[in-house]
Amino acid sequence: MKWTKSFIQTLREDPGDAEIDSHKLMVRAGLMKKVAGGLWTYLPLGMRVLNKVQRIVREEMDRAGALEIVMPILQPAELWKTSGRWETMGPNMFRAKDRASHDYALSPTAEEMVTEMVKGIVNSYRQLPVTVYQIQWKFRDEIRPRFGLMRSKEFLMKDAYSFDTTLEAADKSYMAMFEAYKRIFSRCGLKAYPVEADTGDIGGKFSHEFHVLAEAGEDGIAFCDACGYAANLEKAERKAPSCDDPACGAMEVIATPGAKTIAEVSGFMGVAGSAFVKSLIYNVDGRPVMVCVEGHREVNEVKLKHFLNAKKLELADYDMVLRASGANAGSVGPVKPADASLRIVADFALRGAKGRIVGANKDDYHIKNVDLDRDTSIKPEDYADLTIVQSGDICAKCGKPMIIKRGIEVGHVFKLGTKYTDAFKAAYKTDDLKEQVMVMGCYGIGVSRTVQAIIEQSHDGNGIIWPAAVAPYQVVIENLDPDDAEVTRTADELEARLETSGVDVIVDDRAERPGVKFKDADLIGFPVRVVVGAKGLKAGGIEIKRRDEDKSQLKIVPVVEAEAAIKAALV
RNA sequence: CGGGGUGUAGCGCAGUCUGGUAGCGCGUCUGCCUUGGGCGCAGAAGGCCGUGGGUUCAAAUCCCGCCGCCCCGACCA
């Protein structure tokens with residue numbers, strides 16, 4: 001490929017609306033161009049990267065025994081009503097109508113459609129197991145799309161679905177995908193860590209996310225270096241702390257005028273935040289529930305939802321708070337709330353807590369010297385692990401302290417169980433002629449997000465540093481003197497030889513000054529740069545430099561050795 | 001959806017407070033010059049100042065509505 005025949009625009013300055021490096025670089029290097037919030041055009045360079053990541057995904061899915069299919073983006077509403085997700089997906093799902101007013105979903109994922117499809121084909125255990133996959137555009141009406149491809153309304157996803165006869169067999173399918181994912185991310189030049197995760201809206205019992213560690217990541221992950229435990233903060237558990245508060249005297253009401261937040265009240269009273277019990281009223285499927293946690297901690301709503309076995313859970317509105325507790329937010333507490341039948345649950349760190357400070361259920365008052373056992377109606381079985389893990393919390397597996405890092409979720413594997421196969425009655429006949437529901441797994445990779453994660457993990461102040469396997473072109477040949485016949489012939493012959501042997505190469509044949517060309521090459525981040533110029537040829541050769549090396553490491557080789565030297569630099 | 005910011009040439013921005021015929025840098029085009037890390041000189045093209053209304057002799061600028069984009073939040077009492 002000749003640069004002058006390509007369609008490449010690079011920008012000298014960062015786009016004004018980009019925040020994180022990978023987003024800025026994708027735009028500056030001419031990989032993509034914004035259409036509107038959360039919507040992108042992939043330009044030729046970006047498309048080449050996207051295609052290379054897809055190729056790796058396909059090869060590894062195929063190697064793992066998965067079979068490629070493609071399903072419609074436009075999906076009849078009936079499928080989604082069968083699973084109940086037509087309602088539960090809410091405004092996250094784009095919807096459309098045809099001329100006859102039939103409802104459709106723009107596929108945000110495809111469990112329903114694939115289950116219906118497999119059900120129609122599989123009758124016998126003899127046909128199982130089977131794993132199918134597609135690489136298809138997905139649509140999600142994100143609350144707030146951001147950071148370029150990190151969270152967009154339309155994105156390319158690889159989604160795979162396994163169907164098995166039994167849970168044990170499904171575990172094998174899950175592990176095959178798990179291993180394939182490790183290979184995929186590794187081949188993309190990414191360090192991706194599998195972490196335990198909650199299953200969210202998809203449902204199911206057990207899952208792992210694959211995360212690329214990056215400050216710009218949207219998820220928090222708890223790591224234990226000692227035993228290797230890694231879990232999304234939504235899921236991460238800590239060892240139950242023991243509470244050895246000494247006995248305290250009688251409760252005492254104190255005025256705390258105007259102080260609402262824990263920080264304000266603790267400042268007002270001159271007491272550490274951890275001495276407080278933070279009490280929140282949640283609306284749980286329409287009924288109020290009070291949740292108590294230590295003052296310096298935050299409620300983990302995912303854990304809370306599971307513990308309460310709730311369908312829908314959100315913070316209560318002002319009315320509900322007032323009716324349940326007798327006070328407005330800021331003065332709520334577990335001691336004698338207005339609604340005497342109010343269920344109160346508490347974080348397990350508060351089991352046996354004494355001498356704590358709580359809201360008085362009366363505006364602008366708190367109570368100190370509270371003994372939760374003595375002074376509240378919290379039932380022993382209503383203490384549970386309900387908070388978000390913090391740095392330094394003790395690992396539930398091994399007892400050592402954990403650390404928190406941030407990650408970009410690039411993949412997710414689920415053991416789904418029979419949630420969808422039950423809903424669709426997707427059954428097969430066993431060898432003793434019984435009907436049995438298939439056991440399912442599902443497995444996603446954000447292909448377009450992975451492209452950006454690669455950049456986020458591999459760039460420097462000059463631009464992107466592509467791993468060779470996914471670079472838009474593996475080699476750029478800088479023709480420094482396009483008007484010089486000898487130089488141009490040398491550059492073009494080298495291009496032809498490399499292309500013949502399967503190396504992706506672009507020749508920068510623009511009539512630009514060398515500085516411009518070098519800046520662009522660094523910005524776009526071609527793994528290997530080859531310089532062919534009149535001066536160099538006279539001096540005996542061409543110059544080869546890897547993007548991840550600095551100038552002092554470049555090599556000068558005779559023209560006849562160039563091809564071999566370039567290939568060696570690519571490894 | 002709530003809060004904040006922002007919208008002026010392809011890109012990055014100034015001008016808005018204090019109303020008076022729209023500017024800078026980059027990029028683009030022409031010519032000369034230069035040629036190993038975003039050269040230099042000269043010239044040129046390119047803007048319904050997001051959009052609709054209002055105030056005014058006069059609006060990028062003031063007022064009202066709408067829209068787009070970005071950030072934070074959308075539960076932490």
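Everything numeric here is computed off the predicted structure, so don't read it as measured data. These numbers come from the heavy atoms of this one structure, side chains and all, not from hydrogens, waters or symmetry mates. Labels below follow one simple rule: chain letters A, B, ... track the order of the sequence lines, proteins then strands, and each chain is numbered from 1.
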K.L.:
Is it true that E19(A) and R146(A) have a side-chain N and a carboxylate O under 4.0 angstrom from each other?
P.N.:
no
K.L.:
Between G68(B) and G50(B), how far apart are the P atoms? Round to whole Å, please.
P.N.:
16 Å
K.L.:
Could you pull out all residues at least two apart from T4(A) that satisfy side chain to side chain donor-acceptor pair (under 3.5 Å)?
P.N.:
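Residues passing side chain to side chain donor-acceptor pair (under 3.5 Å) with T4(A): D509(A).
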K.L.:
To the nearest Å, how far apart are I8(A) CD1 and U28(B) P?
P.N.:
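From I8(A) CD1 to U28(B) P: 14 Å.
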K.L.:
In Watson-Crick or G-U wobble terms, both distances under 3.5 Å, what is the partner of C11(B)?
P.N.:
G25(B)
K.L.:
So if I take residues 276-285 of chain A and measure heavy-atom distances to RNA chain B, which residues fall below 4.0 Å?
P.N.:
K278(A), L280(A), I281(A), Y282(A)
K.L.:
May I ask you to say what E314(A) touches in the nucleic acid, namely base, sugar-phosphate or nothing, with a heavy-atom cut-off under 4.0 Å?
P.N.:
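Counting heavy atoms under 4.0 Å across all strands, no contact is made by E314(A).
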K.L.:
Between G2(B) and U61(B), how many Å separate the two C1' atoms, rounded to a whole number?
P.N.:
29 Å
K.L.:
Within the 4.0 Å heavy-atom criterion, would you say D481(A) contacts the bases, only the backbone, or no part of the nucleic acid?
P.N.:
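No contact.
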K.L.:
Is the backbone N or O of A491(A) less than 3.5 Å from a side-chain atom of N479(A), with the two atoms forming a donor-acceptor pair by type?
P.N.:
no
K.L.:
Are the side chain of D141(A) and the backbone N or O of F94(A) linked by a donor-acceptor pair below 3.5 Å?
P.N.:
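No, D141(A) side chain to F94(A) backbone: no donor-acceptor pair under 3.5 Å.
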K.L.:
Provide, to the nearest angstrom, the distance between the NZ atom belonging to K538(A) and the P atom belonging to U35(B).
P.N.:
13 Å
K.L.:
Using atom CG of L350(A) as one end and atom P of C76(B) as the other, report the distance to the nearest whole Å.
P.N.:
19 Å
K.L.:
Any side-chain heavy atom of I524(A) sitting closer than 4.5 Å to one from I8(A)?
P.N.:
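Contact flag for I524(A)/I8(A) side chains = yes.
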K.L.:
Just to be sure I understand the rule, does V293(A) reach a base, reach only the sugar-phosphate, or reach nothing, if contact means heavy atoms closer than 4.0 Å?
P.N.:
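Counting heavy atoms under 4.0 Å across all strands, no contact is made by V293(A).
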K.L.:
All N/O contacts under 3.5 Å from nucleotides 2-9 of chain B to the protein, with atom names and distances to one decimal?
P.N.:
none

K.L.:
Going by atom type alone, with no hydrogens or angles, which donor-acceptor pairs under 3.5 Å involve a side-chain atom of residues 29-47 of chain A and a protein atom two or more places apart or on another chain?
P.N.:
unit_1, atom_1, unit_2, atom_2, d
K34(A), NZ, D17(A), OD2, 2.5
W40(A), NE1, G148(A), O, 3.4

K.L.:
Under the 6.0 Å and 45° cation-pi test, does R140(A) pair with F155(A)?
P.N.:
no
K.L.:
D382(A): which residues meet the side chain to side chain donor-acceptor pair (under 3.5 Å) condition with it, sequence neighbours left out?
P.N.:
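With neighbours one apart ignored, the set is R343(A).
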K.L.:
Tell me which nucleotide among C70(B), G36(B), G37(B) gets nearest to the side chain of D17(A).
P.N.:
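Within the option list, the nearest is C70(B).
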K.L.:
Taking only nitrogen or oxygen atoms into account, show me every contact under 3.5 Å that the protein makes with nucleotides 38-46 of chain B, one pair per line with its distance.
P.N.:
unit_1, atom_1, unit_2, atom_2, d
G38(B), O2', R12(A), NH1, 2.6
G38(B), O6, R28(A), NH2, 3.1
G38(B), N2, D520(A), OD1, 3.2
C39(B), O4', R513(A), NE, 3.4
C39(B), N1, R513(A), NH1, 3.4

K.L.:
Looking only at N and O atoms, is any donor in the side chain of E13(A) or the base of G25(B) less than 3.5 Å from an acceptor on the other one?
P.N.:
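Indeed, a donor on one side and an acceptor on the other fall under 3.5 Å apart.
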